[in-house]
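Before any comments, here is the structure.
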Amino acid sequence: MEREPQHSSSSHGKGLGTDPGERPARDPRRWWILVVLCLSTLVLVIDNMVLTVAVPAITDDLDASTTDVQWIIESYILVFAGLLLTAGSLSDRFGRRKVMILGLALFGAASLVATYAGSPETLIAARVLMGVGGALVMPSTLSILITVFDEDERPKAIAAWSGVAMVGLVGGPVLGGALIADFWWGAVFLINVPIAALAIGAALLLMPESKGPWRKPDVPGMLLSMTGMTALVWTIIEAPKTGLGDPVTLTTAIAAVVSLAAFVIWEARTEAPMVPVELFRNKVFTGASFSLVLLTFANGGLMLVLTQYLQFVLGYSATETGLAFAPMAVAVIAFNGIGAALLPRTGNRVMAVIGLLTIAAGFGALATLSEGDGWGLLSVAMLLMGAGGGLAMPAAIAALMGAVPEEHAGVGSALNDTIQQAGAALGVAILGAVLSGTYRNELPDDAPEAAKESVAVALKLPGLADAARDAFTQAMSNSFVAGGIGVVAAAVLAAVLLRGREPGQQPEQGQGQGQGQGQEPVTAEPERTAAH
């Protein structure tokens with residue numbers, strides 16, 4: 001017999017345990033809880049971004065090889081992506097606050113080890129543990145958010161949560177540059193420790209516990225998802241470098257396909273699945289999922305391509321490159337608030353489509369950049385990208401999570417994170433391939449092979465620097481056109497699949513939780529609030 005779900009005080013705003021028609025009480029601490037969730041998210045995002053500017057100093061101080069640097073960066077990504085679904089399932093089973101606090105503690109402790117690492121091997125081990133901690137934290141933040149906030153306030157909360165992630169994305173390189181300039185590379189990890197400690201203390205004081213109903217653990221599902229996602233991300237990262245013909249890359253590609261196919265088959269047949277596959281029969285969930293994949297695909301390529309253009313072609317420093325993204329961060333924050341205010345009136349579909357088309361316009365502007373354009377056109381493009389992201393991301397996430405039953409909130413949040421991780425990795429791989437392929441083709445035929453492999457090498461060769469800049473600028477333009485096409489495709493998917501009841505419309509007879517109405521209503525009946 002299944003035990004009843006334990007929601008503790010997290011049931012505030014969810015309509016649980018209240019009489020039909022009675023508006024549930026809101027947790028008076030909910031906005032402070034949101035601050036804790038944002039802090040927990042911020043520490044993960046900042047850590048990943050500051051590392052990009054710390055690599056040269058780490059390489060010199062630890063005498064790290066190219067392979068060492070690759071593992072320092074990628075070990076975290078592999079572990080994080082591989083464990084997300086399992087971590088989401090564990091949070092539903094054992095308690096979302098408990099799993100988040102455990103993840104923060106592990107992340108903080110591993111950051112301390114990384115701070116004083118004396119060898120590449122120690123730093124890689126610390127990064128692996130940080131990946132485990134990050135995987136425990138990330139799904140819990142969004143799942144706690146949707147259990148604490150009701151439908152009326154949830155758009156604002158999701159907007160704030162996703163806005164903080166963007167601030168970390170842009171602010172990470174700036175902060176990292178400042179820390180390395182004034183201290184040493186270990187400071188980029190040391191900064192995580194007090195933030196993690198503050199988040200743990202605040203979570204213990206303010207945050208209610210919530211969990212789903214008891215169910216038998218899905219050990220085969222956990223093992224298959226970890227194997228499949230780790231192999232998939234590894235293949236995406238390595239394929240552009242080695243080609244699919246490489247024995248190791250081919251093996252990981254086969255392992256990814258076999259493991260993920262077995263995972264889907266197992267989840268469809270087992271009595272207690274870790275991930276309810278019926279979610280993907282819900283057109284709103286599916287539409288939001290694929291829209292997020294295409295959006296993060298484009299954004300992942302944006303960071304890869306534009307940072308290289310700014311540094312190699314325009315000669316920006318790492319800090320200046322981070323500051324170039326500041327208009328996008330400001331626009332995200334502003335339009336997150338605007339989108340959250342409009343969302344109850346427009347619904348997720350309209351807001352997602354408008355936001356995605358705005359991002360596509362930003363990619364169009366970026367595709368026209370040339371070496372002599374300076375800050376003007378770049379800033380306009382960044383403002384468009386930020387405005388579109390501020391409107392689209394919260395709407396798409398709200399639609400996805402709105403289709404997930406509350407008892408699967410942790411897994412639903414993990415699916416959201418996994419989708420975005422996979423999309424970003426695909427963006428880096430595919431748009432990176434477009435970039436490198438076009439760059440190679442645009443260089444003179446007699447250019448040295450080393451120059452065709454690296455724009456940094458080409459810029460140092462006499463008589464080739466101008467040609468290299470022109471070639472890279474054309475390659476960047478092609479990459480952004482491809483990214484823009486991906487975002488337009490996401491907008492079409494959102495327009496077609498995120499259809500549901502209109503804002504304010506009452507649910508039809510027999511519609512229950514998790515049935516995937518993709519629109520956020522102005523008012524909601526108490527028995528439906530658990531679905532969103």
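Judged by distance alone, the side chain of T296 and the main-chain N or O of V293 form a donor-acceptor pair under 3.5 Å. No donor-acceptor distance shorter than 3.5 angstrom exists from the side chain of R96 to the backbone of S140, with no hydrogens or angles considered. Panel note: side chain S259, backbone A256; no donor-acceptor pair is recorded below 3.5 Å.
The side-chain heavy atoms of S89 and M222, taken from C-beta on, include a pair separated by under 4.5 Å. Here the side chains of T438 and F472 are not in contact, with every heavy-atom distance at 4.5 Å or above. At a threshold of 4.5 Å between non-hydrogen side-chain atoms, the residues V132 and L106 count as touching. Residues M382 and L366 are in side-chain contact: their nearest non-hydrogen atoms beyond the backbone lie under 4.5 Å apart. With a 4.5 Å cut-off on side-chain heavy atoms, L384 and I359 do not count as touching. In this structure the side chain of I144 reaches within 4.5 angstrom of the side chain of M207, judged on heavy atoms. S111 places none of its side-chain heavy atoms less than 4.5 Å from the side chain of L190. For the pair D470 and E442, the minimum side-chain heavy-atom distance is 4.5 Å or more.
Atom OG1 of T115 is separated from atom CG of N192 by 7.5 Å, given to the nearest 0.5 angstrom. Note that the CG atom of L356 and the CG atom of L294 stand 9.0 Å from one another [nearest 0.5 Å]. Considering CD1 of I158 and CG of L34, their distance stands at 10.5 Å, rounded to 0.5 Å. Note that OG of S477 and OH of Y309 are 10.5 Å apart. Values are rounded to the nearest 0.5 Å. If you take OG1 on T473 and OH on Y439, they are separated by 11.0 Å, rounding to the nearest 0.5 Å. To the nearest 0.5 Å, atoms CG (L44) and CD1 (I195) are separated by 10.0 Å.
Looking only at atom types and distance, the side chain of T141 has no donor-acceptor partner in the side chain of S40 under 3.5 Å away. N478 and Q474 share a donor-acceptor pair across their side chains, judged by distance under 3.5 Å alone.
The shortest heavy-atom contact between A451 and L464 is CB-CD2, 3.6 Å. Residues G134 and F107 approach most closely at N-CD1, 4.0 Å, considering heavy atoms. The two residues V313 and R469 come nearest to each other via the heavy atoms O-NE, 3.7 Å. For the pair A117 and T122, the tightest heavy-atom approach, listed with the atom from each and the gap, is CB-CG2, 3.9 Å. Scanning both residues, S225 and T86, for their nearest heavy atoms gives OG-OG1, 3.5 Å. When all heavy atoms of L369 and L306 are compared, the closest pair comes out as CD1-CD1, 4.4 Å.
In this structure, R440 pairs ionically with E449, as a charged nitrogen and a carboxylate oxygen lie closer than 4.0 Å.
With sequence neighbours excluded, the residues that form a side chain to side chain contact (heavy atoms under 4.5 Å, CB included) with L391 are F335, M351, I354. For the side chain to side chain contact (heavy atoms under 4.5 Å, CB included) test, residues two or more places apart in sequence or in another chain that qualify with S75 are W71, I124, R127, V128. Applying the salt bridge (charged side-chain N to carboxylate O under 4.0 Å, His left out) test to D63 and every residue at least two apart in sequence or in another chain returns nothing. Partners of T249 by side-chain hydrogen bond (donor to acceptor under 3.5 Å, both in side chains), not counting sequence neighbours, listed by chain and number: T242, D246. Listed by chain and residue number, E209 satisfy the side chain to side chain contact (heavy atoms under 4.5 Å, CB included) test with K98 (two or more places apart in sequence, or in another chain).
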Let's go through W31 and V35 carefully: what are the C-alpha distance in whole Å and the side-chain angles of both, what is the deciding distance for side-chain contact (heavy atoms from CB on, under 4.5 Å) to 0.1 Å, and is it a yes or a no?
CA-CA 6 Å; W31 297 109; V35 172; 6.0 Å; no

Just do the side-chain contact (heavy atoms from CB on, under 4.5 Å) check on F80 and M138 with the steps written out, would you?
CA-CA 9 Å; F80 182 80; M138 201 65 180; 3.9 Å; yes

Chi angles and distances behind the side-chain contact (heavy atoms from CB on, under 4.5 Å) call for I397, W161
CA-CA 11 Å; I397 293 171; W161 178 79; 3.9 Å; yes

Start with the C-alpha gap between L37 and M100, add the side-chain angles, then the distance that decides, and say whether side-chain contact (heavy atoms from CB on, under 4.5 Å) holds.
CA-CA 9 Å; L37 299 178; M100 190 186 83; 3.9 Å; yes

Identify every side-chain donor-acceptor pair in residues 427-434 under 3.5 Å, counting partners at least two apart or on other chains, and give the distances.
none

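Ring planes of Y116 and W184: tilted class, angle from 30 to 60°.
Counting heavy-atom neighbours within 6.0 Å of W32 CH2, excluding the residue itself, gives a total of 12 or less.
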